[in-house]
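Single-structure report; data block below.
Note that ligands are numbered from 1 as they come in the structure, with each ligand's atoms numbered from 1 the same way. Side-chain atoms are counted along with the backbone in the values below, which use heavy atoms only and exclude waters and symmetry mates.
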Amino acid sequence: MLDQLLQGSLEDAKSRRQIRPYATVEAEALARTAALDALEFLAPGDRIRVIAEVKRASPSRGDLADIPEPHALASQYEAGGASAVSVLTEERKFKGSLADLEAVRKAVSIPVLRKEFIGEEYQILEARAAGADLVLLIVAALPQETLERLYAFTLELGMTPLVEAHSADEVARAVDLGSRLIGVNARDLKTFELDRELFGRVADQIPAGVIRVAESAVLGVDDVIRYREAGADAVLVGEALVMSDPIATLASFLNV
Ligand SMILES: O=P(O)(O)OC[C@@H](O)[C@@H](O)c1c[nH]c2ccccc12
């Protein structure tokens, strides 16, 4: 499944590239004002940080919410105390788009993450051109060499990579990169199975000073408490926010 998602994302990027060539998008990316420093916004503190996700659907959970106005939802996230907004831009299964990201960027002043299956530089340039401050890099999707290349490219653009792992080995690869922001996804993107204990098992492998993000299946306050106790600095939450009153849900999470 992960390979299919990545191939789909790369095909879609290829079609966009016919219309907006690399050099055009590169010029746009470089003309942007500097990216926000996501590490500053997500820096560990007394309270857990929340990265709130704009997510319409997913291959594992189907349709979640229509979200006709992603910018309005993102503004609620910011008002509710989120430290960053994640925007799914994958079109085929998650029903997102780069236009969603651009709209969100205009509406908020906290960092914005492009949530996509990234496999080449062009997608990172697109992210910066659309105003993203962070991009997701999924360890399981990429050979280490490619991961290193894309990681360095992201930093060159002044952006922050969120490096996502789903096993002890993948966490080790994320640490090897020198990543300052590591996400542990409870969902295996190859099988869609959930492992809620994974974060607790691998958290100690992540060195002090690196921001630890617990991703996926945070549905209620209990999940936030469990992850906080296991050492999470932040949680990345989609479904629970798009299917509820986001301000109230955020308040309950930030209260932990
Ligand atoms: O909706 P949830 O279960 O709160 O999950 C959010 C986020 O972790 C999830 O969307 C996600 C984590 N890693 C990804 C990689 C690609 C696509 C999506 C994801």
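Residue-environment remark: CD (Glu193) stays at or below the threshold of 12 foreign heavy atoms within 6.0 Å. Counting heavy atoms of neighbouring residues, nucleotides and ligands inside a 6.0 Å radius, atom CZ of Arg32 exceeds 12 of them.
In terms of protein heavy-atom proximity, atom 17 (C) of ligand 1 is nearest to Phe94 CZ, 3.5 Å. Nearest non-hydrogen protein atom to atom 10 (O) of ligand 1 is Glu53 OE2, 2.5 Å. In terms of protein heavy atoms, atom 8 (O) of ligand 1 is closest to Ser216 OG, 2.8 Å.
For the salt bridge (charged side-chain N to carboxylate O under 4.0 Å, His left out) with Glu121, the qualifying choice from Arg17, Arg128, Arg149 is Arg149, the only one to do so.
The shortest heavy-atom distance from Ala240 to ligand 1 is not under 4.0 Å. Ligand 1 has at least one atom lying under 4.0 Å from a heavy atom of Leu136.
Near Phe117, the atoms of ligand 1 lying under 4.0 angstrom from a non-hydrogen atom of the residue are 16 (C), 17 (C). Within ligand 1, counting atoms from 1 as listed, the ones closer than 4.0 Å to a heavy atom of Val237 are 4 (O). Taking a cut-off of under 4.0 Å to the non-hydrogen atoms of Glu239, the atoms of ligand 1 that pass are 1 (O), 2 (P), 4 (O). Of all atoms in ligand 1, listed by their number and element, those nearer than 4.0 Å to a heavy atom of Glu164 are 12 (C), 13 (N), 14 (C), 15 (C).
Considering backbone and side-chain atoms alike, Gly238 places an N or O below 3.5 Å from some N or O of ligand 1. Of the N or O atoms in Ala217, one or more lie within a sub-3.5 Å distance of an N or O in ligand 1.
Classification of the Phe94-Phe117 ring pair by plane angle, with boundaries at 30° and 60°, yields tilted.
In summary, the side chains of Glu116 and Ser9 do present a donor paired with an acceptor at a separation below 3.5 Å, with no hydrogens or angles considered. Side-chain contact of Ser97 with Thr89: a donor-acceptor pair under 3.5 Å is absent, judged by distance alone.
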Pair Lys95, Glu90 - check salt bridge (Lys or Arg N to Asp or Glu O under 4.0 Å), show working.
CA-CA 6 Å; Lys95 303 188 178 177; Glu90 198 277 346; over 6 Å; no
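Atoms CD and CG, on Gln144 and Leu177 in that order, are 5.0 Å from each other to the nearest 0.5 Å.
Of the charged side-chain nitrogens involved, none lies within less than 4.0 Å of a carboxylate oxygen, so that Arg49 and Asp233 do not count as a salt-bridged pair.
By the criterion of a heavy-atom distance under 4.0 Å, the side chain of Lys115, and not its backbone, is placed next to ligand 1. Contacts of Lys55 with ligand 1, taken as heavy-atom pairs under 4.0 Å, involve the side chain alone.
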